[in-house]
Each structure stands twice: as C-alpha cells, then as structure tokens.
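All chains are named by letter (A, B, ...) in the order of the sequence lines, taking the proteins before the strands, and each is independently numbered beginning at 1. Everything numeric here is computed off the predicted structure, so don't read it as measured data.
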Amino acid sequence: MPDRFAQKLLQWYDSHGRHDLPWHHNRNAYRVWVSEIMLQQTQVTTVIPYFEAFMERFPDVQALAEAPVDDVLSHWSGLGYYARARNLQKAAQTVVRDFGGEFPQTQEELESLTGIGRSTAAAILAQAFGIRAAILDGNVKRVLARYHAIPGWPGQTAVLNQLWQRAEEHTPEQRVRNYTQGIMDLGAMVCTRSRPACDSCPLQHGCQAYARRETSLYPGSKPRKAKPEKTTWMMILQDSEGRILLERRPPSGVWGGLWSLPELDPAYGADELQEACEQNLGLDCGEPELISGFRHTFSHYHLHIQPARLNVASGSKSIADQGHLKWLHRHEALNLGLPAPIRLLLTKPEQTALL
DNA sequence: AAAACGTGGAA
DNA sequence: TTTCCAAGTTT
C-alpha cells in the first residue's frame, strides 16, 4: 500500500497553504535561517515585524557577524528567548570565519552552529536548499500524533522518538520545500490545537485520531506543575539630570545580555534598600520611594517585581558608563534592548510619572 | 531526563 | 484570572 500522506498534503498545500510569508521572498539560506530561529516557540504573526526590521538592519550574514551585540539584542527586544539572538550572532561569525560566509548544506554541519538543533537544521536544508530532511515542530507533532494516534506527551523521549520516526517516514524525496511548509501550514490552519477542521483536512482518511473521534486526546498534554513565586527589587535610580541608571544583565539567566533597571535581592528588605543600593552600586542614594509592585508571569515561575525610586546625587558620577552600568536618558534607554516588562515600567502612561 | 529560557494570544 | 502553548535548543 503506497503512502499517500505526502501526496495528499502537497495537493492541499498547492491550493490552501501559505505561499506569501516574508521569508518566502528573496529566499536564501540566511533569510530562512533567521526566520527559523525567530519562529522557535514563537508565532508567525509575532515574528513578521521583527523579521522585516532585522533584515533591514542586517541584510546578510556578514552584516550580522560584524554588528555590535547591543544592536542585535535591541532588534530582538520583546521577542523573548534572548539566547537565540546571542546564538544567532555567534553562529553568523562562525559561518563567516569557518565556512567562508556560505551556509553548510549538511545536517551535521548545520547542527554544529549554536542555536540550530535537529528540526531547525532540517528546515534550513529543506527550505533553503531543497534537500530532503524531516522537520518536527509543534505543528508537525500535532499532525502526526493525531494521524497515528500516538499517546503521551511529546516532551517524553519515547514519544518524541516515535514522532521523529513518523516524520522521517512521511517526508518525500520530491518537493520537500513545499512538503515541510505544507505540513506546518496544515497544523497551523486545519489541524489546530482546539477544534481542528477535520472536515477540510486532506489527511482525514487515514487519521487514527479522527477515526476514533478522539482528536482532542492527541498530542498528550504536559503534566502540570505549580509555578514557584519569586520576588525581586527593581531600582529606578535617577540623577539630577533626569537620567536613569541601567545595568547589563549577565549572559545567562532571564533577559540575559539585555540592559535593565538594576535588580536587588529582596532579602535586603525595604528598610535596608538605600544602604544595599549604595553598597552594590557604589552611589550616594537618597531615600527610596516604594512603588506599588506588579506580578509578571514567566514560563516557569511568577515574578513579583517591586520597584523603588531613588534620587542619586550628581556628584557620584564616578561609575558613569563604566563596565556594566550606564547612565541614560529615557529616550536612549528605550533603544538599548530593554526587556519588555522593564520597558513597560518605563513607558506605561500611569507609570511614566515614576521616572 | 528535566529544567531553563519570554512573550502574546487563545481558551 | 489563570493556564496553556506556539516554526525548539541548550545545559
């Protein structure tokens, strides 16, 4: 019995798939690569404006490799998973230095570039070079888990291995570019997470989950865990010129590499805030003004952010623009790749007055 | 193997 | 309001 899976999918793609996304134009390995990295765990509609601006500023791998890292991060600000941006530039430098500015065309070499894993490498091979390679993103996982009624949560290695095997089986020799785009489109537009449009699905015949009317059971859901609650101080330090102090965050950890308001351990307590601030930053600070905090929810925990505003004597400018600290005016600060919640703090109308 | 890594939209 | 999860990879 011949496998009609790819054939039916390609037929559907020709009339119903997405043929007009920004990275489909002027297609080359660089544009495909950047789009694939941006699209990791990120929806298409979110990525599009970032992709356009990024390509305007960094039109090729050379431009990206040579750019200041702050420039790269600022173009990523608000997109999340900032390690992607740092890895992207590092990989660009590798491509320029080790591959003569041309992207390699093997799975192994692509995966050697930081930020490129199995699925992204395959996507680049298929999309940019038309080389047969199986992808397995969230869309494909959902389509295959349903089509073959594969039980369990894809986060489990055993489940993931079955999905990869099916992905490899179905990937055709011909038209891989359209096939990989098509199966993602099907997952995004027809085989959706909730209320899939099975009546207009080209793979309805043969779909095990549909045959049992159990599409909602696949893929299995992630076991839920309670999110830990964390607390932190965010200091708004302002000098007599109205400038605020920013610090560069360490490369690992949340908002890695971005500039943010200086953060202080909540263990200090509100009463020790001034002293702790002076001690940590080496400044003469005034009395802290506590501002009502807010809770920010991350993937794995809740963060209670407690802002505090301090006026800093302009005499204590010795640390200005040294190391990881920087005095900036508000309009300059917004262009430095500030993480979204902090940008929120700086720009929300009801909170702007704080600065 | 499991946790960490972000943000915005949908349910 | 809270949870889930979306074109995953790294540690």
Side-chain angles (χ1 to χ4, degrees), chain A residues 17-18 21-24 31-51 73 76-88 90-91 110-124 126-127 133-143 153-161 163-164 167 180-189 191-195 216 219-230 249-258 260 294-303 337-344:
Chain A
R18 294 177 288 196
L21 293 167
W23 38 93
H24 293 161
R31 288 170 63 86
V32 169
W33 169 54
V34 172
S35 74
E36 290 298 333
I37 300 298
M38 284 188 172
L39 287 160
Q40 287 170 359
Q41 303 286 280
T42 311
Q43 297 195 11
V44 170
T45 53
T46 303
V47 164
I48 288 175
Y50 281 88
F51 180 81
L73 286 170
W76 213 271
S77 179
L79 200 51
Y81 284 143
Y82 300 99
R84 292 184 296 175
R86 298 192 306 275
N87 288 337
L88 197 71
K90 189 179 173 191
L110 284 169
E111 283 187 38
S112 77
L113 298 170
T114 177
I116 299 181
R118 181 172 177 181
S119 189
T120 299
I124 295 170
Q127 293 291 329
I135 62 164
L136 188 62
D137 69 340
N139 291 306
V140 182
K141 285 174 186 169
R142 192 166 52 252
V143 170
W153 174 53
Q156 296 173 332
T157 305
V159 178
L160 195 60
N161 287 341
L163 290 168
W164 269 116
T180 55
Q181 184 63 51
I183 194 167
M184 287 190 288
D185 289 354
L186 189 77
M189 301 161 70
C191 196
T192 50
R193 177 157 63 98
S194 60
R195 301 172 58 81
S216 66
S221 53
K222 175 183 176 177
R224 70 168 52 184
K225 288 181 187 171
K227 288 179 179 167
E229 200 80 34
K230 301 185 181 181
R249 305 181 63 90
S252 64
V254 75
W255 303 322
L258 298 191
S260 79
F294 57 95
R295 196 171 79 149
H296 186 77
T297 297
F298 289 90
S299 309
H300 294 87
Y301 60 95
H302 302 285
L303 183 64
L338 292 169
I342 306 310
R343 184 172 50 210
L344 211 68

K.L.:
Is A:Q41 close enough to C:dG8 that one of its side-chain N or O atoms is under 4.0 Å from OP1 or OP2 there?
P.N.:
yes

K.L.:
Does the base of C:dG8 carry an N or O that pairs as donor and acceptor with the side chain of A:T120 under 3.5 Å?
P.N.:
no

K.L.:
Regarding A:V47, tell me which of base, sugar-phosphate or nothing describes its non-hydrogen contacts under 4.0 Å with the strands shown.
P.N.:
nothing

K.L.:
Considering just the side-chain nitrogens and oxygens of A:K225, establish if one lies under 4.0 Å of OP1 or OP2 belonging to B:dA3.
P.N.:
yes

K.L.:
Would you mind reading off the distance between A:L79 atom CG and B:dT7 atom P, rounded to a whole angstrom?
P.N.:
9 Å

K.L.:
May I ask you to say what A:E111 touches in the nucleic acid, namely base, sugar-phosphate or nothing, with a heavy-atom cut-off under 4.0 Å?
P.N.:
nothing

K.L.:
Ignoring backbone atoms, establish whether A:W255 has a side-chain N or O less than 4.0 Å from OP1 or OP2 of B:dT7.
P.N.:
yes

K.L.:
When you measure from the side-chain N and O atoms of A:H302 to the phosphate of C:dT2, is any distance below 4.0 Å, counting only OP1 and OP2?
P.N.:
no

K.L.:
Record whether the side chain of A:T42 comes under 3.5 Å of the base of B:dG6 through a donor-acceptor pair of N or O atoms.
P.N.:
yes

K.L.:
Is the distance between the ring centroids of A:F51 and A:W23 under 6.0 Å?
P.N.:
yes

K.L.:
Remember a base hit wins even if backbone is also touched, and classify A:G253 as base, sugar-phosphate or nothing at under 4.0 Å, heavy atoms.
P.N.:
sugar-phosphate

K.L.:
Respond yes when some side-chain nitrogen or oxygen of A:R84 is under 4.0 Å from OP1 or OP2 of C:dT10, and no when none is.
P.N.:
no

K.L.:
Please tell me if A:S194 has a side-chain N or O lying less than 4.0 Å from either OP1 or OP2 of B:dA11.
P.N.:
yes

K.L.:
Quick one: pull up CG in A:L110 and CH2 in A:W33 and give me the separation to the nearest 0.5 Å.
P.N.:
10.5 Å

K.L.:
Can you give each donor-acceptor pair under 3.5 Å made by side-chain atoms of residues 133-142 of chain A, sequence neighbours left out, with the distance rounded to 0.1 Å?
P.N.:
{"residue": "A:D137", "atom": "OD1", "partner": "A:N139", "partner atom": "N", "Å": "3.3"}
{"residue": "A:D137", "atom": "OD1", "partner": "A:V140", "partner atom": "N", "Å": "2.9"}
{"residue": "A:D137", "atom": "OD2", "partner": "A:N139", "partner atom": "ND2", "Å": "3.4"}
{"residue": "A:N139", "atom": "OD1", "partner": "A:R142", "partner atom": "NH2", "Å": "2.9"}
{"residue": "A:N139", "atom": "OD1", "partner": "A:A188", "partner atom": "N", "Å": "3.4"}
{"residue": "A:R142", "atom": "NE", "partner": "A:C191", "partner atom": "O", "Å": "2.7"}
{"residue": "A:R142", "atom": "NH2", "partner": "A:G187", "partner atom": "O", "Å": "2.7"}

K.L.:
Can you work out whether A:G115 or A:L21 has the more 5'-proximal nearest nucleotide on DNA chain C?
P.N.:
A:L21

K.L.:
When you measure from the side-chain N and O atoms of A:R193 to the phosphate of B:dA11, is any distance below 4.0 Å, counting only OP1 and OP2?
P.N.:
no

K.L.:
Which part of the nucleic acid does A:G78 contact within heavy-atom distance under 4.0 Å: base, sugar-phosphate only, or nothing?
P.N.:
sugar-phosphate

K.L.:
Looking at A:Y301, is A:K227 sitting on its ring face, NZ or CZ under 6.0 Å from the six-membered ring centre and within 45 degrees of the normal?
P.N.:
no

K.L.:
Answer yes or no: side-chain N or O of A:R18 and base N or O of C:dA7 forming a donor-acceptor pair under 3.5 Å.
P.N.:
yes

